[in-house]
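The figures that follow rest on heavy atoms only: side chains count, while hydrogens, waters and symmetry mates do not.
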2 protein chains.
Amino acid sequence: MFSRSEEDHIKAIHGLLEDAGQASTKDIADRLSTRASSVTDMLKKLAAKGLVRHAPYHGATLTTKGRRHALTLVRKHRLWETFLVQRLGFTWDEVHEVAEQLEHVSSEPLIERLDAYLGHPRFDPHGDPIPDRDGRMPERVTVHLTEAQVGLRHQLVAVKDGSDALLRLLDSKGMTIGRVFTLSARQDFDGSLQLTWRGGGCDLSAQVAAHLLTVPDNP
Amino acid sequence: MFSRSEEDHIKAIHGLLEDAGQASTKDIADRLSTRASSVTDMLKKLAAKGLVRHAPYHGATLTTKGRRHALTLVRKHRLWETFLVQRLGFTWDEVHEVAEQLEHVSSEPLIERLDAYLGHPRFDPHGDPIPDRDGRMPERVTVHLTEAQVGLRHQLVAVKDGSDALLRLLDSKGMTIGRVFTLSARQDFDGSLQLTWRGGGCDLSAQVAAHLLTVPDNP
DNA sequence: GGACATTTTTAGACTTGCCTAAATATTATT
DNA sequence: AATAATATTTAGGCAAGTCTAAAAATGTCC
């Protein structure tokens with residue numbers, strides 16, 4: 001239906017619209033490690049196919065059709081990541097590149113069966129929501145760890161904009177997605193945090209905490 | 001490392017060498033639904049890369065390097081087929097097309113973890129052997145059902161050159177890979193066979209039986 | 001508001017992988 | 001062995017996707 005390159009562009013535009021509210025030619029090019037002129041070509045092509053609205057010199061947005069396809073790509077990517085971590089035992093910092101390939105495999109039955117096999121997960125191993133078959137996102141009220149209340153129990157549900165280095169740091173401290181912990185203390189001096197959980201705990205700097213999203217986990 | 005098209009050609013050549021002992025330009029073209037002239041182009045390219053030996057006007061063979069790569073493709077294809085049937089619940093006549101896509105996903109850790117997850121299977125759901133990481137095939141002594149001994153128990157272990165129609169016929173009669181049965185009778189007139197097993201049985205024409213490979217299953 | 005910097009598009013070229021048509025080699029037939 | 005049929009290669013072309021360089025539009029800064 002769509003080529004690998006078309007799908008990559010659609011996903012990049014979707015990501016930029018989510019992150020920044022707009023998708024310029026240059027930003028798309030940077031995200032895909034390609035050149036602005038190549039992106040212009042592709043935008044014309046995708047506009048002709050009715051997936052993208054291209055306002056020359058003013059970036060691109062997705063049509064309803066484009067957004068729908070972007071969401072199926074996100075769905076496939078996150079379901080494969082869940083499979084790789086939950087079933088094959090990859091660590092969550094290793095899976096992105098492989099999922100990037102798997103998401104382009106085109107088979108509706110495959111993805112629906114995979115979804116069922118994984119128990120219809122609502123969030124992937126990074127804590128990001130998995131769109132359902134119709135593109136609907138599950139909702140969840142999250143709190144930045146920097147603003148979470150001291151003395152209460154919380155659960156780590158997502159890492160925003162996590163570099164590999166950050167993911168490894170978290171892994172090494174035992175801060176995996178799903179971790180339930182008590183926020184024992186916050187230092188006024190530098191905003192660093194002390195976390196404890198049954199059998200362990202760790203300290204986190206404010207820089208790290210700024211990337212972590214939590215939900216209250218009150219017993 | 002190699003493009004989708006290069007890998008398709010390598011696999012086609014390997015398949016033809018297995019089935020017919022030689023791979024002519026035309027046979028490769030037919031197998032890939034492409035044209036002989038396109039195949040000639042690709043043979044030159046693969047020869048330059050050291051994967052194929054191309055004797056102009058006399059077909060192609062694989063170099064050691066080419067054969068090694070062909071076997072990793074076969075390994076990937078059959079492991080994915082096993083996953084699709086055993087874990088996702090596909091029927092064995094549905095999986096080929098999807099496995100065809102999955103086998104081109106390139107990640108050594110992925111395939112080794114998948115292999116372990118499936119319990120290092122030695123044969124796929126069609127009963128075909130799965131090469132190990134080093135390209136070694138597991139061995140098995142098989143007997144064509146047409147030559148199997150009447151009155152004894154046998155197990156169906158493979159279907160050779162099975163069309164979708166044949167696979168569906170077998171499925172509808174309950175003749176799945178792994179089926180253990182007693183060969184009750186062979187008609188001299190047309191070679192048709194009568195099979196029975198606990199709770200069932202079926203009749204098969206000689207044409208069908210010619211595609212079935214069995215191993216003795218003596219209690 | 002004009003000059004400069006940046007972004008974007010256009011123009012033209014290249015590679016990969018495919019095609020058709022024509023030329024050439026091999027194989028089969030009489 | 002000559003001719004016919006088939007297979008293979010060569011030659012030339014086309015579409016997709018990418019690139020560089022140049023032109024055009026937009027944004028920024030004094």
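On the nucleic acid side, DNA chain D has its first and last nucleotide under 4.0 Å of a heavy atom of chain B at dA7(D) to dT10(D), going 5' to 3'.
With sequence neighbours left out, the salt bridge (charged side-chain N to carboxylate O under 4.0 Å, His left out) criterion links Lys11(B) to Glu100(B), Glu103(B). Qualifying side-chain contact (heavy atoms from CB on, under 4.5 Å) partners for Asp27(B), counting only residues two or more places apart in sequence or in other chains: Leu16(B), Ser24(B). Qualifying salt bridge (charged side-chain N to carboxylate O under 4.0 Å, His left out) partners for Lys26(A), counting only residues two or more places apart in sequence or in other chains: Asp30(A). Applying the side-chain hydrogen bond (donor to acceptor under 3.5 Å, both in side chains) rule to Asp41(B) yields no partners; only residues at least two apart in sequence or on another chain are considered. Listed by chain and number, the residues in a side-chain hydrogen bond (donor to acceptor under 3.5 Å, both in side chains) with Thr91(A) are Asp93(A), Glu94(A) (sequence neighbours excluded). Shown here are the side-chain contact (heavy atoms from CB on, under 4.5 Å) partners of Asp134(B), two or more places apart in sequence or in another chain: Asp132(B), Arg136(B). The salt bridge (charged side-chain N to carboxylate O under 4.0 Å, His left out) search around Asp19(B) returns Arg31(B), not counting sequence neighbours. For Arg133(A), the salt bridge (charged side-chain N to carboxylate O under 4.0 Å, His left out) partners two or more places apart in sequence, or in a different chain, are Glu112(A).
DNA chain C lies under 4.0 Å from at least one heavy atom of each of the following residues of residues 20-31 of chain A: Ser24(A), Thr25(A), Lys26(A). Annotation: proximity of residues 40-55 of chain A to DNA chain C (heavy atom, distance under 4.0 Å) is found for Thr40(A), Lys44(A), His54(A), numbered in ascending order.
For the pair Ser38(B) and Ser5(A), nearest-nucleotide mapping onto DNA chain D gives the more 5' position to Ser38(B).
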Pick out the pairs of N or O atoms, protein on one side and nucleotides 21-26 of chain C on the other, that lie under 3.5 Å.
none

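In this pair, Phe83(A) and Phe83(B) present their aromatic rings tilted. The plane angle is within the 30 to 60° band. Between His96(B) and His77(B), the ring planes are tilted. Angles from 30° to 60° get that label.
Between Asp203(A) and Lys173(A) no salt bridge is recorded (no basic side-chain N to carboxylate O distance below 4.0 Å).
By the 4.5 Å heavy-atom criterion applied to side chains, Leu79(B) and Leu118(B) are counted as neighbours.
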